[in-house]
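For reference, the structure discussed in these notes is given below.
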Amino acid sequence: MNIHEFQAKQILGRFGAPVPKGQPAATADEAAAAFTALGVPKAVVKAQIHAGGRGKAGGVKLVASADEARTFAAGLLGKTLVTHQTGPQGRVVRRVYVEEASAVARELYLGMLVDRKAGAVSVIASTEGGMDIEEVAAKTPDKIITEVVNPLLGLAPFLARKIAFALGLKDKQVNQFAGLLASIYKAFIETDASLVEINPLVVTQDGRVICLDAKMSFDDNGLFRHPDIRELRDPNEEDADETEAAKYDLSFVHLDGNIGCMVNGAGLAMATMDIVKFYGAEPANFLDVGGGASTEKVAAAFRIILSDSRVKAVLINIFGGIMQCDVLAQGVVEAARQVKLSIPLVVRMEGTNVDKGKKILAESGIKVISAADMADAARRVTQAIGVGA
Ligand code: GDP
Ligand code: MN
């Protein structure tokens, strides 16, 4: 789960990381009031969307009066901001963040993430801050510093100082940076974060090291331990179908193809996507309905798949272990009746209560293409949309 910049800064600030003071605003008048309340000569007004690249896209502006803050906020709020990270459809700006302006001397990059290869948390840092870090990594990989944090030692001060020196920090900044990094690491571990990105981390003209931008992502599977963070979920920033699926505890991810897939078990779901591709079509989604899915859950899953107008055929691939084929069949029949199924439906079922399941489908009056095995199912579903062999 992702959160907004101002929320990430609030969390990091609570853990002791230096962040500029600021206030979120949902209207132009609130933005003007925020400027006045901050009591600073200059502020930055920043669009709050779950995407970076706002600076270059006109979503960040330095202002020197409440009126200027109001005018800029009025121009942003309710508008769609297109940045290189939003895709061409952009994102609607529903809030801005008004923050005390900083006099920037240097822009650095600091990231922290769950490094699967290292099996630990890694710190990524670079002197090339404020830029697209993927581009820096591609063009000048030697400018990226990566340090793995030993999970038992935690973020040792020597490691923080090593990174500080590599970033060219001097004197008091070295210890400031070490303190900042320790705060971020503590926040990262204690909130079950998967990513923290400070781009840029800046050295101000008066020599302070502060977080000028902040992005935080959290492990969805850790959110039950953090009800306060879970509250920060912004449905406006998320895929509506994925949000709907989450309500039913379904693992659903939108993809770009046109074969809707309903599968139980993540491994079988991956294999199903592979075999659909092998036969020449593209899956429209990843969907794992889980082990002991109820009729209601199956019906919800089927509705979500069919609500996507790009879906031209559906492939149901179920292995009945804990999941029972008759329960699945009942859910499919209910959902198919509700939505008046009008596209080809291929079903491959195997396992517990498979005969009962097949009987329910056969007697339902719904047009079902039965498949003998996975390969047969993939072949039939691709043929149904006129591709494949
Ligand atoms: P992003 O473009 O979405 O990543 O948004 P950022 O928060 O990184 O802001 C973009 C750029 O605006 C930064 O890289 C800075 O160069 C600039 N910027 C943001 N806040 C300030 C500030 O307080 N003072 C100055 N001088 N520049 C700022
Ligand atoms: Mn940034």
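Remember, it's 1-based here, ligands and their atoms both numbered in the order they're listed.
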Subject >> Residues that Lys139 engages under salt bridge (Lys or Arg N to Asp or Glu O under 4.0 Å), provided they are two or more places apart >> reply: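 Lys139 satisfies salt bridge (Lys or Arg N to Asp or Glu O under 4.0 Å) with Glu135 only.
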For [X], which part has a heavy atom under 4.0 Å from ligand 1: side chain, backbone, both, or neither?
X	result
Leu62	neither
Glu107	side chain
Glu99	neither

**OP:** Mark whether atom 19 (C) of ligand 1 lies under 4.0 angstrom from at least one protein heavy atom.
**Re:** yes
Original post:
Got a protein heavy atom sitting under 4.0 Å from atom 11 (C) of ligand 1?
Top reply: no
Subject >> Salt bridge Arg230-Asp228, side-chain N to carboxylate O under 4.0 Å >> reply: no
Original post:
Between Arg348 and Asp376, does at least one N-O distance fall below 4.0 Å, as a salt bridge requires?
Top reply: no
Subject >> Tally, protein N/O/S atoms nearer to the Mn ion (ligand 2) than 2.8 Å >> reply: 2
Original post:
Which atoms of ligand 1 sit under 4.0 Å from any heavy atom of Asn199?
Top reply: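 Within the 4.0 Å cut-off of Asn199, ligand 1 contributes 8 (O).
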**OP:** Look up atom CG in Asp67 and atom OG1 in Thr71, then write down how far apart they are to the nearest 0.5 Å.
**Re:**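 Output value for this atom pair is 6.0 Å.
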Subject >> Among His50, Lys215, Lys46, the one residue meeting side-chain hydrogen bond (donor to acceptor under 3.5 Å, both in side chains) with Glu5 >> reply: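 That would be Lys46; it is the only one of His50, Lys215, Lys46 passing the side-chain hydrogen bond (donor to acceptor under 3.5 Å, both in side chains) with Glu5.
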